[in-house]
Amino acid sequence: MKTNRRDFFKVTGAVGAGIAAGGLTSCSQPQAEPSAMQFIKDAAVNNNPQQFNMCGYAAPKLDKVRVGFVGIGDRGSGAVKRMTYIEGVEITALCDIRQAAVDGAQKILSDAGLPKAKEFVGDENEFKKLCDSGLCDLVYTATPWEWHVPVGLAAMEGGAHAALEVSAAKTMDECWQMVETSERTKKHCVILENCCYDFFELLTLNMVRQGVFGDLIHGEGAYIHDLDYWHFNKPQDEKMTDGAYTKMWRLYENQRKANVYPTHGLGPICQAMNINRGDKMDYLTAMISDDFTLKNRIEEKAKEDPFFEKFIGMDMRGNMDMQMIRTNKGRTILIQHDVSSPRPYSRIHMLSGTKCFAQKWPLQHIAFGHDVVDEAGMKELREKYEPEIIKRVGEMAKQVGGHGGMDFIMDWRLIDCLRNGLPVDMDVYDAAAWSSITPLSEWSIANGSAPIEVPDFTRGAWKTNKPVELTLAGGGTTKVRNLSNANAEGQLDV
Ligand SMILES: NC(=O)c1ccc[n+]([C@@H]2O[C@H](COP(=O)([O-])OP(=O)(O)OC[C@H]3O[C@@H](n4cnc5c(N)ncnc54)[C@H](O)[C@@H]3O)[C@@H](O)[C@H]2O)c1
């Protein structure tokens, strides 16, 4: 039973197949055998040794970064636009299953005075041609979740770095495939976790680094976002290709009883705790509530519009799921996920240390002991601890927009790292560990909240890997193009 855990975790992709067919599916449950304790023992044994350590790896410098985009819907088109502001970027290739999406991206390029990119429009495997074209140094993927890893693997095999939207992977097998392919090809596989670049998250990360928090004890993160409007934003055309989520993909994904979107809350906490770089997640336990809203909403919508009748009877995930994670250094993390309850947005972002406490939602504050820092104190803290990246591009990022600026900071930093041959902030081990919460939580939930080990994707290298760099040392040279037509568009909620 030592090497079968990848198979054990393989989720069949039935949800994905359902989306592709435009039909109804139910998500397969992972088996509940062997017992959790047996499984935890087995999971301590790694499959293959690390081939090459991608943490801290500096790929050869690229003066120009030729970027290809796969999946240019809501999120991907925003990324194309942001990249037009970054010098040293050449947008060379655009791929989508919809011509309209590619046309929209070409317009973004022409509006910015940039040349047309080569188009790859066809079926769902058209991205392979883009990845094999030799046109790209970086393939930036913003498809529905089921395509992230297939595109990322093809990109790395084709000689490009891969950048994958969140969550990077859906299954444990995909997590290992990313790790093994990145190590073998020596191509970065970056998770595009924009929340790691938000202003308060970066401020608190730097404060942790400077010792202001003392020892970190506990962190909390979340993705609590009432997506009702987006889930039910019906496509207007017959092929179901417009609307908020193309072919209603996200409603289908909500059949899976797991935290299907763990990384917005988890990523910044992992960076603060040096997960994979001095500490690691050891094990988790997960729990989910029943569904109190989604089935009812589907029935309500079906009464208004027969389009929604096909969703009746779908076995939806419960509203709220939670994961409790214990780290090797004895810290704890709580992650919450709820996209279907009528309540205000929150990613919590709470850090609790021996000397300092910070929390972003519902009310942003920092405290020392019982004393909450006032406005003047916050100003002082920002002046003292705002990291260099915010000083360098923070104001420009606010003008470009994208969730208040953090999306642009993330893109700029990624390009600057590639251009200056710097290690990336969010490497393949982060992509795998953060994404693995989905299959791990699914297993724990299916097994009465039994604890389950989080695999060590670094295979021991976490003990010596260096923390995320916050100084821009060796980089910071990438300029931002004329911002005169920037309009800071993009909602503040992620
Ligand atoms: N980081 C964030 O803040 C954030 C915010 C929104 C969405 N996202 C992520 O971005 C991704 C896309 O979400 P979205 O809201 O833009 O969805 P969307 O449905 O608007 O866009 C997806 C696009 O991918 C295209 N597509 C589907 N399959 C494809 C394939 N095989 N090859 C090429 N193109 C394909 C679709 O036609 C569509 O244009 C998701 O992973 C989502 O989780 C992240």
Side-chain angles (χ1 to χ4, degrees), residues 16-17 19-20 22 68-82 93-105 119-131 139-152 154-155 163-170 190-198 223 225 227 229-231 233-235 237 239-254 260-268 337 339 345 347 401-411 414 426 431 434-435 438 490-494:
I19 295 165
F69 287 89
V70 180
I72 321 173
D74 190 40
R75 183 76 181 149
S77 56
V80 171
K81 180 142 193 209
R82 295 193 303 273
L94 299 169
C95 172
D96 202 287
I97 53 175
R98 299 182 296 124
Q99 182 66 50
V102 170
D103 292 347
E119 298 185 0
F120 296 84
V121 184
D123 70 12
E124 285 167 324
N125 288 304
E126 188 73 13
F127 67 84
K128 291 182 183 161
K129 293 184 192 153
L130 176 147
C131 293
V139 176
Y140 196 112
T141 303
T143 58
W145 301 330
E146 62 172 317
W147 292 103
H148 290 181
V149 171
V151 177
L164 305 180
E165 255 304 340
V166 295
S167 187
K170 288 180 65 172
V190 173
I191 180 168
L192 292 165
E193 187 37 83
N194 46 343
C195 299
C196 290
Y197 294 88
D198 213 348
Y223 185 64
H225 193 183
L227 294 178
Y229 169 79
W230 292 275
H231 280 149
N233 191 329
K234 176 189 141 180
D237 70 335
K239 290 185 183 161
M240 299 203 352
T241 53
D242 58 1
Y245 298 122
T246 314
K247 296 190 192 177
M248 309 288 289
W249 66 266
R250 201 150 179 173
L251 195 54
Y252 286 109
E253 292 282 6
N254 274 306
V260 292
Y261 207 57
T263 70
H264 280 337
L266 184 61
H337 170 244
V339 292
Y345 180 91
R347 299 199 305 270
H403 298 121
M406 65 184 180
D407 299 356
F408 182 76
I409 301 175
M410 170 181 74
D411 291 335
L414 173 59
M426 300 180 291
W434 303 353
S435 303
T438 299
Q491 76 219 39
L492 283 172
D493 291 348
V494 187

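Only this structure's heavy atoms are used, side chains among them; waters, hydrogens and symmetry mates stay out. Start at 1 and go down the list; that is how both ligands and their atoms are numbered.
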Report the part of [X] in contact with ligand 1, treating N, CA, C, O as backbone and CB onward as side chain, heavy atoms under 4.0 Å; options are side chain, backbone, both, neither.
| X | answer |
| --- | --- |
| Ile72 | backbone |
| His403 | side chain |
| His148 | side chain |
| His264 | side chain |
| Glu124 | both |

Hey, which atoms in ligand 1 end up nearer than 4.0 Å to a heavy atom of [X]?
| X | result |
| --- | --- |
| Tyr245 | 15 (O), 19 (O) |
| Trp147 | 28 (N), 31 (N) |
| Trp145 | 40 (C), 41 (O), 42 (C), 43 (O) |
| Val166 | 1 (N), 9 (C), 41 (O), 42 (C), 43 (O) |
| Pro144 | 22 (C), 24 (O), 26 (N), 27 (C), 28 (N) |

Identify which of [options] has a heavy atom lying nearest to [atom].
| atom | options | value |
| --- | --- | --- |
| atom 26 (N) of ligand 1 | Val121, Leu192, Ile97, Asp74 | Ile97 |
| atom 11 (C) of ligand 1 | Asn125, Ile191, Thr143 | Thr143 |
| atom 23 (C) of ligand 1 | Cys95, Gly104, Gly73, Ala101 | Gly73 |

Task: Residues forming a side chain to side chain donor-acceptor pair (under 3.5 Å) with Glu193, sequence neighbours excluded - done: Thr263, His264

- [ ] Using a 4.5 Å cut-off on heavy atoms from C-beta on, say whether the side chain of Tyr261 contacts that of His225.
- [x] no

Open item on the list: Between Trp145 and Val260, is there a side-chain heavy-atom distance shorter than 4.5 Å?
Closed with: yes

Taking only Lys NZ, Arg NE, NH1 and NH2, and the carboxylate oxygens of Asp or Glu, determine whether [X] and [Y] approach each other closer than 4.0 Å.
| X | Y | answer |
| --- | --- | --- |
| Glu124 | Lys247 | yes |
| Asp407 | Arg75 | yes |
| Arg250 | Glu253 | no |

Task: Check: His148 side chain, Glu165 main-chain N or O, donor-acceptor pair, under 3.5 Å - done: yes

